[in-house]
Protein chains: 2
Amino acid sequence: MTSQAPTRKHDRADQTRKKILRAAVREFSTHGLSGARTDAIAKSAKVNKALLYYYFKGKQGLYAAAVEEVSAEVVQNALAALDPSFSAGERLLRSALNHFDRILTQREFQSLMQQEMVRLRQGSGEALPVFFRTVFRPLLEKLQQAVAEGIGSGELCEVDPLQVMYSIFGANVFYFLSAPMMQLALPFNPFDNEALSLRRKAMVEFLGTALFTDRANGAVHAHRVLAHMPMPKPGIAPPSITGLRGRRNAL
Amino acid sequence: MTSQAPTRKHDRADQTRKKILRAAVREFSTHGLSGARTDAIAKSAKVNKALLYYYFKGKQGLYAAAVEEVSAEVVQNALAALDPSFSAGERLLRSALNHFDRILTQREFQSLMQQEMVRLRQGSGEALPVFFRTVFRPLLEKLQQAVAEGIGSGELCEVDPLQVMYSIFGANVFYFLSAPMMQLALPFNPFDNEALSLRRKAMVEFLGTALFTDRANGAVHAHRVLAHMPMPKPGIAPPSITGLRGRRNAL
DNA sequence: TATAATTAACTATCCAGTTAATCAATGACT
DNA sequence: AGTCATTGATTAACTGGATAGTTAATTATA
């Protein structure tokens with residue numbers, strides 16, 4: 001429709017494939033695997049439902065493809081934050097900020113991964129290995145390496161390397177995970193730009209004082225890293241508390 | 001069935017009501033609201049399905065009742081850890097341990113609450129307000145109070161009170177949430193008793209050094225609290241990676 | 001006998017996946 | 001170049017099974 005003149009058949013096909021994938025990412029990330037409706041995906045992609053089965057083998061296959069699609073976009077940034085030209089401690093602080101920002105800008109990825117985690121717990125997770133292979137493992141390795149290096153050089157306290165990871169990721173994930181609940185508790189909206197910015201700051205500062213042997217040094221690093229990494233604008237619309245989007249049976 | 005002699009009609013009714021509720025808690029916590037099957041609940045409670053609609057208005061109503069049921073069991077412990085006869089810092093460490101142990105022993109509660117959090121994000125959460133009212137708010141208030149008191153007395157660093165909460169809960173929640181993924185990364189199972197015990201220890205020690213102005217003092221507190229609060233045995237079977245439990249359509 | 005508890009059987013609907021037919025490039029062969 | 005069969009892309013309409021919720025009859029108790 002957009003460019004019709006010399007549209008090779010192949011090109012058009014690739015295009016619709018992409019359209020389906022994008023629609024699938026949207027639907028799956030907001031409704032989960034079992035909550036997503038194939039009809040909805042087809043409609044949202046303006047495509048006949050049978051095409052989902054033509055291009056991807058079925059709902060499962062489409063889900064897997066969506067997961068793969070969304071994972072691919074994530075890795076580079078994460079590894080850039082771990083550039084070895086920074087000191088070990090600074091790499092950790094950068095990674096923490098980067099993680100926060102990624103949740104902010106790539107909600108779909110985060111949503112899919114969280115759903116996948118609770119899903120695996122009850123059986124049947126084929127997508128988690130994908131996350132693990134493409135994103136988690138390379139990151140984890142570099143993080144542990146940074147911690148070891150930081151402890152060795154005396155820059156960081158002697159902490160369990162895993163604890164560092166749980167502190168960084170845990171606090172960030174939990175901030176967004178608990179936001180709906182916190183909305184009930186707080187006098188402001190945790191998704192407001194100001195609230196996000198404050199949290200981001202508090203988080204890095206906390207890690208600075210917690211991880212560095214010299215707390216003052218940690219504070220300095222936190223300050224510097226914050227100055228170097230401004231908060232990005234949220235990628236998609238803030239999470240909508242909109243009701244059931246017209247679907248009758250959410251049970 | 002258990003005591004048949006003078007079983008008042010009323011008693012038997014209450015009994016079956018309870019049976020249904022317990023079955024519902026099991027089913028909902030392992031499969032989520034939409035994943036749970038009313039037939040499965042009825043069968044597991046050894047009761048005709050129509051009774052679910054007789055006692056509770058429907059699936060939604062049953063879900064709400066299950067949430068209420070499971071929340072009731074949680075609060076006392078949590079508040080006991082915040083006994084004001086302990087110093088502010090110690091209360092925080094105790095709360096952190098208590099939270100860890102609660103996740104360990106009351107998986108059903110945790111599972112339901114997490115599911116509820118991701119659900120609310122996409123609309124339609126009636127159960128979260130229950131969690132909030134009965135569990136979250138009272139706890140949050142006391143925690144913030146403890147932080148303020150600790151900072152005032154000079155025992156604790158000047159941290160954002162919310163940051164403390166995110167650190168405590170976030171790390172714990174994330175540990176269990178990420179366990180399936182970590183199983184792929186680690187040479188041991190994060191649900192092994194030994195792994196759990198080590199994590200629990202590392203977590204409190206980290207908080208000790210992170211929160212207290214005097215790190216040595218924090219370490220002492222951490223040590224003492226660990227000695228006073230032994231790790232309980234996990235309440236239910238470790239999370240089963242069992243596949244789809246025979247249900248055909250998990251999509 | 002009236003009322004509460006319980007059941008078997010049924011209905012309605014939703015929804016993943018299929019089928020068979022149509023449409024449109026492509027390129028092979030005049 | 002023009003034609004047409006082949007193959008890939010796309011569709012409308014359907015199927016079957018799963019499952020939330022209902023109903024009307026039955027049992028047991030007070």
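Nothing here was measured: the structure is a model prediction, and the numbers come from that model. Residue numbers start from 1 in every chain, and the chains themselves are labelled A, B, ... in the order their sequence lines are given, proteins ahead of strands.
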Checklist entry - Do any side-chain nitrogens or oxygens of Tyr55(A) fall under 4.0 Å of OP1 or OP2 in dT10(D)? => result yes

Checklist entry - Side-chain donor or acceptor of Lys59(B) under 3.5 Å from a matching atom on the base of dG21(D)? => result no

Item to check | Given dA20(D), dT18(C), dA16(C), the nucleotide with the shortest approach to the side chain of Arg37(B) | outcome: dA20(D)

Item to check | hbond_proxy Asp39(B) side chain to dA18(D) base (donor-acceptor, 3.5 Å cutoff) | outcome: no

Checklist entry - Hey, would you say the Tyr63(A) and Phe56(A) ring centroids sit under 6.0 Å apart? => result no

Item to check | Given dA5(C), dA9(D), dA8(C), the nucleotide with the shortest approach to the side chain of Ala50(B) | outcome: dA8(C)

Next on the checklist: When you measure from the side-chain N and O atoms of Thr38(A) to the phosphate of dA16(C), is any distance below 4.0 Å, counting only OP1 and OP2?
Outcome noted: yes

Checklist entry - What is the ring orientation for Tyr166(A) with Phe174(B), classed by angle as parallel under 30°, tilted 30 to 60°, or perpendicular over 60°? => result perpendicular

Item to check | Nucleotide dA16(C), atom P - distance to CD1 of Ile41(A) in whole Å | outcome: 8 Å

Next on the checklist: If I take atom OH in residue Tyr53(B) and atom P in nucleotide dA4(C), what distance separates them, rounded to the nearest angstrom?
Outcome noted: 22 Å

Checklist entry - Within the structure, does a side-chain N or O atom of Thr16(A) lie under 4.0 Å from either OP1 or OP2 of dA9(D)? => result no

Checklist entry - More 5' along DNA chain D: Arg17(A) or Lys57(B), using each one's nearest nucleotide? => result Arg17(A)

Checklist entry - DNA chain D: Lys49(A) or Tyr54(A), which has the more 5' nearest nucleotide? => result Tyr54(A)

Checklist entry - Does the side chain of Glu27(A) reach to within under 4.5 Å of the side chain of Ser44(A), using non-hydrogen atoms? => result no

Next on the checklist: In this structure, how many angstroms lie between the C1' atom of dA5(C) and the CG atom of Leu51(B), rounded?
Outcome noted: 7 Å

Checklist entry - According to the interplanar angle, ranging from 0 to 90°, do the rings of Phe191(B) and Phe176(B) count as parallel (below 30°), tilted (30 to 60°) or perpendicular (above 60°)? => result tilted

Item to check | Rounded distance in Å - CD (Glu27(A)) to P (dC15(C)) | outcome: 10 Å

Next on the checklist: From CZ of Phe56(A) over to C1' of dA16(C), roughly how many Å is that when rounded to an integer?
Outcome noted: 16 Å

Checklist entry - Is the shortest side-chain N to carboxylate O distance from Arg133(B) to Glu68(B) below 4.0 Å? => result yes

Checklist entry - Given atom NE2 of His10(B) and atom C1' of dA4(C), what is their separation to the nearest angstrom? => result 10 Å

Checklist entry - Between dT10(D) atom C1' and Leu52(A) atom CG, what is the distance in whole Å? => result 12 Å

Checklist outcome for this item: Separation of dG21(D) atom P from Ile20(B) atom CD1, nearest Å, is 14 Å

